[in-house]
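All heavy atoms count here, side chains included; hydrogens, waters and symmetry mates do not. The structure presented is a predicted model; accordingly, all values stated were derived computationally and were not measured. All ligand and atom numbering here is 1-based and tracks the order in the structure. Note that the numbering runs from 1 along the sequence shown for the chain.
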Amino acid sequence: MIEINNVCVDFVSRRGATTRAVDNVSLRIAPGEIFGIVGTSGAGKSTLLRTLNALTRPSEGSIKVNGTEISALSGAALRQARHRIGMIFQHFNLMHTRTVAQNVAFSLKAAGWERAAIAPRVAEILALVGLADKADRYPAQLSGGQKQRVGIARAIANHPDVLLCDEPTSALDLETSATILALLKRINEQLGITIVLITHEMNVIKTICDRVAVMSGGKVVEEGDVFDLFAHPQHPFTQQLVSHTLNLTLPERLRQHLHGSLLKILFVGDSAEQPVLSEAAVNFGVAVNILHGKIEYIGERALGILVVQLTAKENPEAVAAAVEHIRARTAQVEVING
Ligand SMILES: Nc1ncnc2c1ncn2[C@@H]1O[C@H](COP(=O)(O)OP(=O)(O)O)[C@@H](O)[C@H]1O
Ligand SMILES: [Mg+2]
């Protein structure tokens, strides 16, 4: 369990000006979950993440990892605690003059492993991340995805409880990102390691996170179950992130020539199985024209999204009644115009 209580981080410039990078953040992260923190650049994500292993000290507040007050530790006790918290980075941070195996062995030596135990553990962990045949390569001889696998192997070799991931896929192409996210998910499931992952991409959150906090201007503006956040974003910043990700904007040309009511409808779970639109058409005599539709998979769950146009020739009230009928039977209806 990670408990972040009222954490603030201030940076003071040489001229004496203060920047509050993290502003009164409180979060609970349960053992074994994949917790995402999303926000645009400069939101304070990296600074917050770095307080979890005391690479950055909070100016106010406290952080407990498995009951230990991390923010109060120093010296040997802090080093000890850090060995139970792995970390990976956007740009991998590998040692370029050492081989893949030596990069991983280094972290085990630092954690006090006996010499004889290191080589077998390195072999085991490289096999787990799919790099068994790359042990003697140097980082420069690897692709980006392979470098991140080395970063992951190094971070989890010492059996940590927690893995901190700072934009782990932001330097990778889409396909490679997907394989790295799948590896992180497997590590979480097989080894039970709690993952805290920060990203500026909602797609990353959608793919592997259980819960998410949205950060803006140093603050957590919204947090919750990932599916709920996609289905019902509350804060305007979250709404903007979600609608950008779902990408449901209609071409301007199409919008200009539309008449009647344009609706965006979300279907969740059971509501997806009811003939809501045909009922609306039959009961109220409206024409239903489907303009855009997709099903988004958020983790394992489906979220259906349709953009439809409702028209009724001589009876505008029928459209309003049809909208109410649909609203009562689906997760969410947003009237885009009309
Ligand atoms: N070491 C530092 N010294 C001074 N300001 C910093 C430092 N690290 C981060 N900041 C500032 O704190 C804010 C948050 O940065 P950061 O945590 O890196 O955001 P994010 O990871 O969300 O992009 C930014 O305004 C950044 O310029
Ligand atoms: Mg960052």
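With salt bridges taken as basic N to acidic carboxylate O contacts below 4.0 Å, one links Arg20 and Glu60. The residues Glu334 and Lys264 are annotated as salt-bridged, a charged nitrogen and a carboxylate oxygen being separated by less than 4.0 angstrom. The pair Arg211-Asp225 does not count as a salt bridge, with every side-chain nitrogen at least 4.0 angstrom from each carboxylate oxygen. Between Arg186 and Glu189 there is no salt bridge, since no side-chain nitrogen of the basic residue lies less than 4.0 Å from a carboxylate oxygen of the acidic one.
Ligand 1 lies within reach of Gly44, whose nearest heavy atom is under 4.0 Å from it.
With a heavy-atom cut-off of 4.0 Å, Leu48 does not touch ligand 1 at all.
Residue Ala43 approaches ligand 1 through these ligand atoms, each under 4.0 Å from one of its heavy atoms: 19 (O), 20 (P), 22 (O). For ligand 1, the atoms sitting less than 4.0 Å from at least one non-hydrogen atom of Thr40 are 22 (O), numbered in the order shown with element in parentheses. Atom numbering of ligand 1 starts at 1 in the shown order; those under 4.0 Å from a heavy atom of Ala21 are 12 (O), 13 (C), 14 (C). Near Thr47, meaning under 4.0 Å from one of its heavy atoms, ligand 1 places the atoms 9 (C), 15 (O), 16 (P), 17 (O).
Ranking protein heavy atoms by distance to atom 25 (O) of ligand 1, first place goes to Thr19 CG2, 4.1 Å.
Annotation: Phe11 places no N or O atom under 3.5 Å from an N or O atom of ligand 1; distance criterion only.
Residue contact annotation: Ser46 places an N/O/S atom under 2.8 Å from the Mg ion (ligand 2).
Using modelled atom types and a 3.5 Å distance limit, the side chains of Arg154 and Asn93 yield no donor-acceptor pair.
Using modelled atom types, no side-chain atom of Lys206 and backbone atom of Phe230 make a donor-acceptor pair closer than 3.5 Å. A donor-acceptor contact shorter than 3.5 Å links the side chain of Glu222 to the backbone of His235.
Considering each of Ser46, Ser41, Ser13, the one bringing a non-hydrogen atom nearest atom 18 (O) of ligand 1 is Ser46. Closest heavy-atom approach to atom 20 (P) of ligand 1 among the candidates Gly39, Ser216, Gly42: Gly42.
Paired with Ile70 under the rule side-chain contact (heavy atoms from CB on, under 4.5 Å), one option of Thr51, Ile2, Val65 passes, and it is Val65.
Counting only heavy atoms, the protein gets under 4.0 Å from atom 22 (O) of ligand 1.
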